[in-house]
Chemist: 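One structure, as structure tokens, below. Some questions next.
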Amino acid sequence: MVATSTKNPTNVLAEAARKIYRTVGFTKWYNFWLWLIFGGGGLLYFSVARLKYIDFYGVFCGGSSGQGERDLASPGECFYHLIPGRYQLGIIIHLVCILPASILACVQFIPIARRKAMRLHRVNGWISTVLAIIGSIGSVVISPHSMGGGVDTISMVGTEGILFTTALVIGVVHAKRHNIAKHRAWMLRAWVIGGAIISMRHIMTITMVLASLNGGFYYAEPCDKISFVLGGENATMASYPECAPFFSGEDPSRHVAVHATVFTKDKVKIAAAINMVFGMAGWVAIVIHAVSIELYLHYESAGRNTKKPGQAGVSANTAAVKVD
């Protein structure tokens, strides 16, 4: 008689998944998937894929600087980034600091890394936090000219920067006081809100496509930026004759209405579409992430409070460790 397996395929997959998330220290499957999506999968992939941006002149603004094949920055952004001064310094500081900080932060939320290498967790945490705060300041510095520099964008970047850095600082304060539960909660708040920068990309893509399909949307772009993108006065005047006062010197800050669409090879129109939705997408993403992390923390807290005495595990005070 041939023996046949009685194992349910679903149970086999569940057991395999359980082994994976328990190997890295997670005790609850949903915590592992949340980390994988927003940390190990989302934020980590997003940051690693953009590490090459640190080569500012060769990659990020490679085409405009003449040191690379093309710009990986959004169309027209390198016009401001390549002008020596605070905006150039701000974007370089932002890229150099926030990308490594994000990668290091993903490691911080792996349970086994905290339990098996606490000293590494402390050092890594300090490096990540300091870099993140400096990088956040850099983003605020460049916001007046970032993605159109509208009031919606400036206020969005400023708000996210305040929420992000405030949560990081509060998290560090609780770590110094050995209140591990509150330290973890505030660090989660910081990086989930910081991760809104990823979700807003998806929101931008959807809204840009919908706006382009609908048609009739325009965004005011400065003539100096348009000239930079198109390569000079002749090309600019051919497409945007309204820029004549800019080139004559009559109106150096001249802006013209540009059709916002992604269904074109015209980089100026693509830039207009991106700039038009950037601030809005950021605000929506911040709200979604802020609400989501509060719901998650509330759900976790409610779960701990419903456990019977003696089943709640190690308390925050018992688990407190020196983190300075």
Side-chain angles (χ1 to χ4, degrees), residues 60-65 70-83 85-88 90-91 94 139-160 196-197 199-287:
F60 192 68
C61 288
S64 298
S65 67
R70 62 189 181 92
D71 294 346
L72 291 188
S74 296
E77 291 301 292
C78 288
F79 170 65
Y80 301 106
H81 297 337
L82 290 174
I83 300 175
R86 62 178 178 175
Y87 297 117
Q88 184 183 77
I91 185 62
H94 176 65
S139 67
V140 174
V141 170
I142 65 174
S143 62
H145 282 307
S146 181
M147 301 298 184
V151 174
D152 55 342
T153 294
I154 296 174
S155 59
M156 180 273 291
V157 173
T159 300
E160 183 168 23
I197 195 69
S199 298
M200 70 178 288
R201 258 62 177 184
H202 303 300
I203 299 171
M204 286 174 63
T205 300
I206 294 171
T207 51
M208 283 191 296
V209 170
L210 291 177
S212 299
L213 288 172
N214 186 69
F217 288 92
Y218 290 80
Y219 190 84
E221 294 284 0
C223 290
D224 52 2
K225 179 180 174 180
I226 295 174
S227 179
F228 173 83
V229 174
L230 296 181
E233 180 178 352
N234 293 335
T236 303
M237 288 299 295
S239 299
Y240 303 96
E242 302 91 341
C243 283
F246 165 73
F247 290 108
S248 68
E250 180 183 346
D251 186 2
S253 61
R254 181 77 169 182
H255 284 60
V256 298
V258 177
H259 181 214
T261 178
V262 293
F263 300 126
T264 178
K265 293 183 179 180
D266 188 334
K267 292 183 178 180
V268 176
K269 293 181 179 179
I270 295 174
I274 295 172
N275 296 344
M276 179 180 70
V277 303
F278 186 81
M280 175 278 301
W283 275 114
V284 173
I286 289 173
V287 171

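Predicted, not measured: the structure shown is a model, and the values here were computed from it.
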Chemist: Hey, mind stepping through Phe60 and His81 against ring-ring contact (aromatic ring centres under 6.0 Å, His included) and telling me if it holds?
Modeler: CA-CA 10 Å; Phe60 192 68; His81 297 337; 5.8 Å; yes
Chemist: Tell me the closest heavy-atom pair linking Ala271 and Pro75, and the distance in Å.
Modeler: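 Closest heavy-atom pair between Ala271 and Pro75: CB-O, 3.4 Å.
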Chemist: Check the pair Ser143 / Val141 against side-chain contact (heavy atoms from CB on, under 4.5 Å), numbers first and verdict last.
Modeler: CA-CA 6 Å; Ser143 62; Val141 170; over 6 Å; no
Chemist: Could you state the interatomic distance from CD1 (Ile226) to CG (Asp266), rounded to the nearest 0.5 Å?
Modeler: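 The CG atom of Asp266 is 9.0 Å from CD1 of Ile226, to the nearest 0.5 Å.
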Chemist: With heavy-atom distances below 4.5 Å as the criterion, would you say the side chains of Arg254 and Pro222 are in contact?
Modeler: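 When only atoms from C-beta onward are counted, Pro222 and Arg254 do not touch, as no gap falls below 4.5 Å.
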Chemist: So, Glu77 and Lys225, do they make that salt bridge, N to O below 4.0 Å?
Modeler: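 Yes, Glu77 and Lys225 are salt-bridged.
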Chemist: Run the side-chain contact (heavy atoms from CB on, under 4.5 Å) test on Leu210 and Asn214 for me, step by step, so that the C-alpha distance in whole Å, both residues' side-chain angles and the decisive distance to 0.1 Å come before the verdict.
Modeler: CA-CA 6 Å; Leu210 291 177; Asn214 186 69; over 6 Å; no
Chemist: Evaluate the side-chain contact (heavy atoms from CB on, under 4.5 Å) criterion for residues Ile270 and Ile274: first the C-alpha distance (whole Å), next the side-chain angles of each, then the deciding distance (0.1 Å), finally the verdict.
Modeler: CA-CA 6 Å; Ile270 295 174; Ile274 295 172; 4.0 Å; yes
Chemist: Which heavy atom of Glu160 sits nearest to which heavy atom of Ala196, and what is that distance?
Modeler: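 Scanning both residues, the minimum pair turns out to be OE2-CB, 3.7 Å.
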Chemist: Check whether any side-chain heavy atom of Leu213 sits under 4.5 Å from a side-chain heavy atom of Phe263, and report yes or no.
Modeler: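 A side-chain contact under 4.5 Å exists here.
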Chemist: Hey, can you tell me if Tyr80 and His145 have their rings parallel, tilted or perpendicular (30° and 60° cut-offs)?
Modeler: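 Correct class here is parallel.
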Chemist: For the atom pair CG (Asn275) and OG (Ser146), what is the distance rounded to the nearest 0.5 Å?
Modeler: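 Here the interatomic distance stands at 8.5 Å.
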Chemist: To the nearest 0.5 Å, what is the distance between CD on Glu221 and CE on Met276?
Modeler: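 Taking CD in Glu221 and CE in Met276, the distance rounds to 11.0 Å.
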Chemist: Considering only distance and modelled atom types, tabulate donor-acceptor pairs under 3.5 Å from the side chains of residues 228-249, sequence neighbours left out.
Modeler:
residue	atom	partner	partner atom	Å
Thr236	OG1	Gly232	O	2.7
Ser248	OG	Ala244	O	3.3
Ser248	OG	Pro245	O	3.1
Ser248	OG	Glu250	N	3.4

Chemist: With a 4.5 Å cut-off on side-chain heavy atoms, are Ser155 and Trp283 touching?
Modeler: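 They are in contact (side-chain heavy atoms under 4.5 Å apart), so the answer is yes.
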Chemist: Going through the distances and angles, do Cys223 and His255 end up as a side-chain contact (heavy atoms from CB on, under 4.5 Å)?
Modeler: CA-CA 6 Å; Cys223 290; His255 284 60; over 6 Å; no
Chemist: Nearest 0.5 Å please: distance from the OG1 atom of Thr153 over to the CD1 atom of Ile142.
Modeler: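 These two atoms lie 11.0 Å from each other.
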Chemist: Let me confirm one number: the CZ-OG1 distance from Phe217 to Thr207, rounded to the nearest 0.5 Å.
Modeler: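 Answer rounded to 0.5 Å: 10.0 Å.
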Chemist: So, for Ala273 and Met208, which heavy atoms are closest and what is the spacing to 0.1 Å?
Modeler: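 Reported closest heavy-atom pair: O-CG, 3.7 Å.
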Chemist: Contact between Phe278 and Met156 at the side-chain level, heavy atoms closer than 4.5 Å - yes or no?
Modeler: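 The answer is yes; the side chains approach within 4.5 Å.
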Chemist: Within a radius of less than 6.0 Å around CZ of Arg86, do more than 12 heavy atoms belonging to other residues, nucleotides or ligands occur?
Modeler: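 12 or below, so no.
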Chemist: Taking the side chain from Ser212 and the backbone from Val262, do they hold a donor-acceptor pair closer than 3.5 Å?
Modeler: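 Yes; at least one donor-acceptor contact below 3.5 Å.
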Chemist: Kindly give the heavy-atom pair with the smallest separation between Val258 and Ala272, and that separation in Å.
Modeler: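 For Val258 versus Ala272, the nearest heavy atoms are CG1-CB, 3.8 Å.
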Chemist: Give, for atom SG of Cys61 and atom CG of Leu82, the distance between the pair rounded to the nearest 0.5 Å.
Modeler: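 If I round to the nearest 0.5 Å, the distance is 4.5 Å.
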